[in-house]
Every structure is written in C-alpha cells, then in structure tokens.
Number of protein chains: 2
Amino acid sequence: MTKTPTLADVARRAGVSTATVSRCLNAPERVQRETRERIEAAVAEIGYSPNFGARALAAKRTDTIGAIVPTLENSVFARGLQAFQTGLVAQGMTLLLASSAYRPDLEAAQIRTLVARGADGLLLIGHERDPALYDFLALHRVPVLVAWVYDPSEPRPSVGFDNKAAMAEMTAAVLAQGHRRLATISGHTRFNDRTRDRVAGVRAAMAAQGLDPATLTVIETPYGIETGARAMADLMTAPHPPTAVICGNDVLALGALRQARAMGLRVPEDVSITGFDDTELSTVADPPLATVSIPHGEMGARAAIMLTEMVRTGAQPDSVALPCVLRLRGSLGPVPRAA
Amino acid sequence: MTKTPTLADVARRAGVSTATVSRCLNAPERVQRETRERIEAAVAEIGYSPNFGARALAAKRTDTIGAIVPTLENSVFARGLQAFQTGLVAQGMTLLLASSAYRPDLEAAQIRTLVARGADGLLLIGHERDPALYDFLALHRVPVLVAWVYDPSEPRPSVGFDNKAAMAEMTAAVLAQGHRRLATISGHTRFNDRTRDRVAGVRAAMAAQGLDPATLTVIETPYGIETGARAMADLMTAPHPPTAVICGNDVLALGALRQARAMGLRVPEDVSITGFDDTELSTVADPPLATVSIPHGEMGARAAIMLTEMVRTGAQPDSVALPCVLRLRGSLGPVPRAA
DNA sequence: TCGCTCGATGAAAGCGCTTACATGACGACT
DNA sequence: AGTCGTCATGTAAGCGCTTTCATCGAGCGA
C-alpha cells in the first residue's frame, strides 16, 4: 500500500518548490510555460490529485455550496435544483444537498450541518425562518441566497418570482371566466411564505374584482396527490361547492383532478381546476392543467451565478425577479350555467 | 471582526489540553465526566464549532458521500435520492450531489470532482462505465455502491432490482392479455445497462411464450414526455402498428399516452401502454398507467446504510435485490378484436 | 510498603496545502 | 554604472485538528 502522492512529491519530481506547484494548480498563468509543463507532466505521471481537507484548511474555503430544499419527492424543486447544480459545476463549485421535509426544525439542523461541513454559501427556499438561524449564518460569515420567492423588502437577496402577483394573475383569469364561488387548496401556510403569498394572491385578485376575500374557502394540507384528492372531496361534498378550485401547486391540482374524475365530475364543465408550477406532468393530465409556469431553469442557473459571486466577492446582490407566465389549459373553463 | 473560536480556545477556557477537547468531541466516554462537563460548557459559551477542513485533513475523512444521478428533472431518481439523503443524515453523513445528464463524459468528470471534494464513498447508478473510472476509484480507495440495478455477477456491490426480470414480468402480463404485436419505447441503451436490461426483459418474455423476439419493434429515444410522444406517433403511423406499447419508464409512457389521445386512439381499447417506475403521476394519468412499481424509498434507505458501512469498515457487502411489483392499471387491456 | 497496572490527561508531531514575504535575475531607465 | 521595477520562484510559517506516546496518580495485590 503506497501512500497517495502529495504536492511535495510532485514538486520533487518536477524539481521545483511546493509553492510553485500550488501556484501552477491555482493560477497557472503565474508560472512560466516551461515550468508549468514540467509540473503538469509530473502530476500526470504520479497521478496526483489535491487533498481536499488540506486545501480547505489552508485556503479557508471549500468551493462547496449547500442547498436545503423542502423535498425531492416531486419534481417541484428537482428541476430548479438540477439547473442550480449544473450552474454550480460550471462555476467550479459542488453542491451539498439536504432536505427538510418542510419541517423548520429539520431545516435548522441541516443548516448547521451544512455550515459545519464547510459550505461556502447556502441556498435556501423562502425567507421565513427563525432569526437565530440568520444570526448563526452571519456569525459564520456564510452568505445566503433565498430562492423561489422574490421579495425586495427582505434584508437578504432573493431570486425567484412574486408568488402573490402570479397567483393573483391566475385568479383574475379564473374570475374572467365568470367564476364567483372559489376555493383554494393550499400547502400549509405556517412557516411557508410561498404558500401564504399564493393564498394572499387569490384574495387580492378577488378584492380587486369587488368580491369579498372572506368568502374564499381555503383548505390547507400537506403537499401530495392523495392529500389534494382528499381536500377536493371535502370541497365538493360541502353544501355550496365551488365552481373553481385554485390549487397551490400542480401536485395538489393533479390530486384534485383525479378526485373530480373519481366523483364523476367533468373538468372544466362542472368544476375548473388550476395548479401552480407547470411541472411537465401538467400537460399530460386530462384535461391538461391550467397552471402558472415558473422559470425553474432560469432561476436555478441565476441562483448558481449569484451565489458564487456572493461567495467570491462578498457582494450583496440585488434581488432578481423572474417572470411567471400563465398557461391557460383545458382544466379551466367558463363557470357552469347552473351554478 | 473577532476570529472564529478554535479548539485551542476551548481548551484554554476549560483549562485542559486540546487533545482532551478533541477526545471529548469524538469519543466522550473516554474523558471523565467532570472534565467533559467543563469542556461542554466552554464550547457552548464561546460558540465553538469544529473546522471542517482541519478535521478532514487530520482525520482523513469527510463524512461526506457523493452521488451522481443521470438527472433530477423528473422524479425517477429524485424519490430514491430523497430517501438516500435522509438515510445519510441519520448516519451522520452528508450528501454531495452531482448529475450527469446521462452523459458518460460528464459522469466521469463528476466522479473525479466528487472524489477531489473528499467524498468518502460514492453512489452510482448502473454498473456500466469506463473501467478506468473504477481503477481511479480503487486507487483513491473510495468505495462504490451501485444502485437501481441488481446484478450479483458484477464485481461491485449493488442495491436495486432486476430490471430484466421485472420487465419480463410486465411483458408476460401484456402477453397474457393476448397481445402479439408489441413495441417498446426505450431510453438509449448505449452506456445504460438499466434500459438495456429492460428491453432484454421484453424479449425474454416473448421468447418464453414462443414468440420471435426479433419481431419486437424498439424505438430508442432520450427520456422525456415529448420524445415519448414522438416515438408513439412513429409507431402508430407505421404499416402494422403494435397493439401494446411497453415503455422503458413512466415518463415515456405518459408521453405515449398523451400522443395516443391526440391521435384519437383509445387506451386501452385501441392500444395498451405500460410504463416503468410507478412515479406518483401514473395514478393521475387517464387511464391510470399500468407500470412496474419500484421500491425507491427502500432502495435509497438501504443504499445509505450499506454505503456508510462500507466507508466505515471497508467491508464489501453482498448485493441486495429488492422486489418490484406489477401495478396493472387501466392503460393495459385485452388485445383489440380487429387486430 | 513496594511494584504494577490502568485510566485520564498532556505534549507535540504531523496531516497537505496556501500564501506572505524573501530572493535573485533581468531589463529599462536615468 | 547605478537604481528600480518586474517577474518567476523559493522559503517557511501557519491553517485547526487528530493521534501517538509519554506522564502522572491512584488503586491494588503481595
């Protein structure tokens, strides 16, 4: 069992000092061409690759970015994360990933873990969390970028979209179809500013049309097809069922859609259903799901660039708002005559 | 700007040596109760947390596990990964994640990156890759666990399922419905043993029924709803269209389903369609998709335990086969009379 | 009481790399 | 010729932790 080669081995072999080898690896332009070639040859010959711990210790950075998402179960975050990861790789960074199962306590633990693991920066979803966590991050000088929301009033930079405005736009489209009895199936709004903003968007759009936002029925439930279906069942068996159900995301909406079918309700003739996210599945549903399309790829890519910049320069960039676009598909139709 | 506290600060404060503090952190039972309490108090007071780089350098491990999946775009890998990540956290490990976009060259680059980033072990999807990569990993003494397949004949341990057998089972179910003109929409089989095994499974089942496997029409295409739809269009406009289309995964199948609907074909009356993976979307499709259910969660959780064990003890565990189960849903029906 | 063992702790040597600073060679300018 | 700046490289001091080995008492059997 021979030892793994070190910088010193390379230096010896190339007949230079370790400093030169280090420079050759980190800033090749600062060493003469001839020397560089000699070093590169030595590296190749003995199969050297730098020791991560030593590098991290000496350089005080790991070139590693942490991200904590609520879940990977559905493709809601997976797509943005994919773009984020790809973007990081392009910047020479690596992704440390954790998930919180939508639980603030687990998220807090993960934040601490990732920082302890040497994450140079952190991507978090949504602004809302215990201020102590932000203090902790400030103490450790770990820059944070918040994604999936855009809120310039928050002290931290974010990259995402205006959940409230997007949902208001969708609601306006629903109202334009003549619907007046609306219901919303939402994720839990506690600890979750995205879901809360979306519900607020529905209410805002109603108010803008002179409707009383208090008449909106809201069911909160964990994200999931099954839970969406159950919520739908509750809504439609109530005394005055809504004519349109605005769901907080596509997964809930697909559950609602399935449930409607199971109850013999036609969509959109008997009830309209809308989603949020535009996961690729929404086009496969029957009828295809009307939803709000979110720029996952753009958001992930931008996040990678912004966060890398923050880590490297310490800069505090401006928040970036990305546009959402309405996809008005078959699951949204005019209000039924009888209603 | 005060410096972040170090082990030495804790030691000074607690009136002990750094060695004792280190022991207290890593093997608390080896230091006397009273001393331990003093140290713990000091840690809390000055808000100490260990430096990752230093620890990695001195201990020669990072408690970090790397994983490289082909993509996060769809939920095929996301669900297993979610379980894997959760399992790792339970073992005190952290996940370094990369994706390869199904490209062997990118995967190779990612493998090198993750090793350079100090991954103690690696989770890879499928066995097939350049042997030089396995040499590289052996050289760096990084244990590898292969997931999403089960193949005890390979030299490396794997945790997953027998893709060929599972697909053969599904095909047998299709044949049992009287279908004889079959087609398969598959992911690319080059560099991908999973897809290849699945196609082989279809052929094996045909042979078992005395059919000529050569009569199977196979279309290879990248994974995606659109590509699945296009493949379906090609299949159904050919001279002798199949009566059943067996897809290599759910995403392709959902694309095929959508295309069938677009072409005015009824499923399963005119054509049957089956998938593979049992993503949660398959129950939402109309008709619900017949598919092979894969134990994502179990696989991810087992992988986390096995790989942690490999890293900690250097053991080479036996491969683990997990059972798949057929979900025969509405998209599979009897062969049409006219066919 | 003596000699031992054993458990708790300390001293100190790295782990492999980065980087501030020192050195020396070489031109260019005065 | 003397001075200075520049560039390529070397020297060496850490970075903060783990771990080996040594030390020191206390407890214990003879």
Side-chain angles (χ1 to χ4, degrees), chain A residues 1-40 42-43 46-64 92 115-118 120 140-141 312, chain B residues 1-40 42-43 46-64 92 115-118 120 140-141 312:
Chain A
M1 157 156 175
T2 63
K3 293 198 66 60
T4 30
T6 73
L7 235 207
D9 296 329
V10 176
R12 206 168 306 124
R13 178 144 198 150
V16 297
S17 74
T18 59
T20 305
V21 178
S22 176
R23 268 191 289 266
C24 183
L25 264 36
N26 297 302
E29 73 284 358
R30 295 193 48 212
V31 356
Q32 204 138 1
R33 165 115 172 233
E34 191 184 308
T35 318
R36 196 191 319 154
E37 284 168 359
R38 205 141 33 89
I39 292 174
E40 282 164 358
V43 166
I46 66 183
Y48 167 78
S49 86
N51 175 293
F52 174 72
R55 185 194 285 253
L57 176 57
K60 302 189 185 318
R61 63 188 161 74
T62 59
D63 290 340
T64 290
V115 170
R117 280 291 187 285
D120 290 338
H140 288 268
R141 298 184 182 74
R312 297 213 168 126
Chain B
M1 155 156 174
T2 63
K3 293 200 63 61
T4 31
T6 71
L7 233 207
D9 297 327
V10 177
R12 206 169 307 123
R13 178 146 199 146
V16 297
S17 73
T18 60
T20 304
V21 179
S22 176
R23 267 191 291 266
C24 182
L25 263 36
N26 297 302
E29 74 283 358
R30 295 194 47 210
V31 356
Q32 205 139 0
R33 165 115 172 229
E34 189 185 310
T35 318
R36 196 191 320 155
E37 284 167 358
R38 204 141 34 87
I39 293 174
E40 281 163 358
V43 165
I46 67 182
Y48 166 78
S49 86
N51 176 293
F52 175 70
R55 186 194 283 254
L57 176 56
K60 301 189 187 319
R61 64 186 159 71
T62 59
D63 291 338
T64 291
V115 170
R117 280 290 187 285
D120 290 338
H140 288 267
R141 297 184 184 74
R312 297 212 167 125

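Lettering of chains follows the sequences in order, A, B, ..., and the numbering in each one begins at 1.
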Step by step, work out the side-chain contact (heavy atoms from CB on, under 4.5 Å) result for A:Thr4 and B:Arg141.
CA-CA 10 Å; A:Thr4 30; B:Arg141 297 184 184 74; 4.3 Å; yes
Can you tell me how far apart CD (A:Glu37) and SG (A:Cys24) are? Round to the nearest 0.5 Å.
10.0 Å
Heavy atoms, side chains only, cut-off 4.5 Å: are A:Tyr48 and A:Leu25 in contact?
yes
Minimum side-chain heavy-atom gap A:Leu7-A:Ser22 below 4.5 Å
yes
Test: A:Arg38 and A:Glu34 ion pair at under 4.0 Å:
no
When rounded to whole Å, the CZ to P distance for the pair A:Arg61 and C:dC17 reads 14 Å
For DNA chain D, the residues among residues 48-58 of chain A that have a non-hydrogen atom under 4.0 Å from it
A:Leu57, A:Ala58
Residue pair A:Arg13 / A:Pro5, side-chain heavy-atom distance below 4.5 Å:
no
DNA chain C nearest-nucleotide lookup for A:Thr6 and B:Arg38: closer to the 5′ end is B:Arg38
Considering all heavy atoms, the nearest A:Leu57-B:Ala54 contact
CD1-CB, 3.7 Å
Tell me, which of residues 9-22 of chain B have any heavy atom that sits under 4.0 Å from an atom in DNA chain D?
B:Ala19, B:Ser22
Separation of D:dT11 atom P from A:Leu7 atom CG, nearest Å, is 15 Å
Counting C-beta onward and ignoring hydrogens, is there a side-chain heavy-atom pair between A:Thr6 and A:Asn51 closer than 4.5 Å?
no
Shortest non-hydrogen separation from B:Pro28 to B:Arg36 and the atoms involved:
O-NE, 3.3 Å
Check whether any side-chain heavy atom of A:Arg12 sits under 4.5 Å from a side-chain heavy atom of A:Asp9, and report yes or no.
yes
If we only count heavy atoms from C-beta on, is the B:Asp63 to A:Arg117 side-chain gap below 4.5 Å?
yes
Quickly work out the A:Arg23 CZ to D:dT9 C1' distance and round it to whole Å.
6 Å
So which protein N/O to nucleotides 5-8 of chain C N/O distances come out below 3.5 Å?
unit_1	atom_1	unit_2	atom_2	d
C:dA8	O3'	B:Gln32	OE1	3.0

Rounding to a whole Å, what distance do you find between A:Asn26:CG and C:dG16:P?
17 Å
Take atom NZ of B:Lys60 and atom C1' of D:dT19, then tell me their distance rounded to the nearest Å.
11 Å
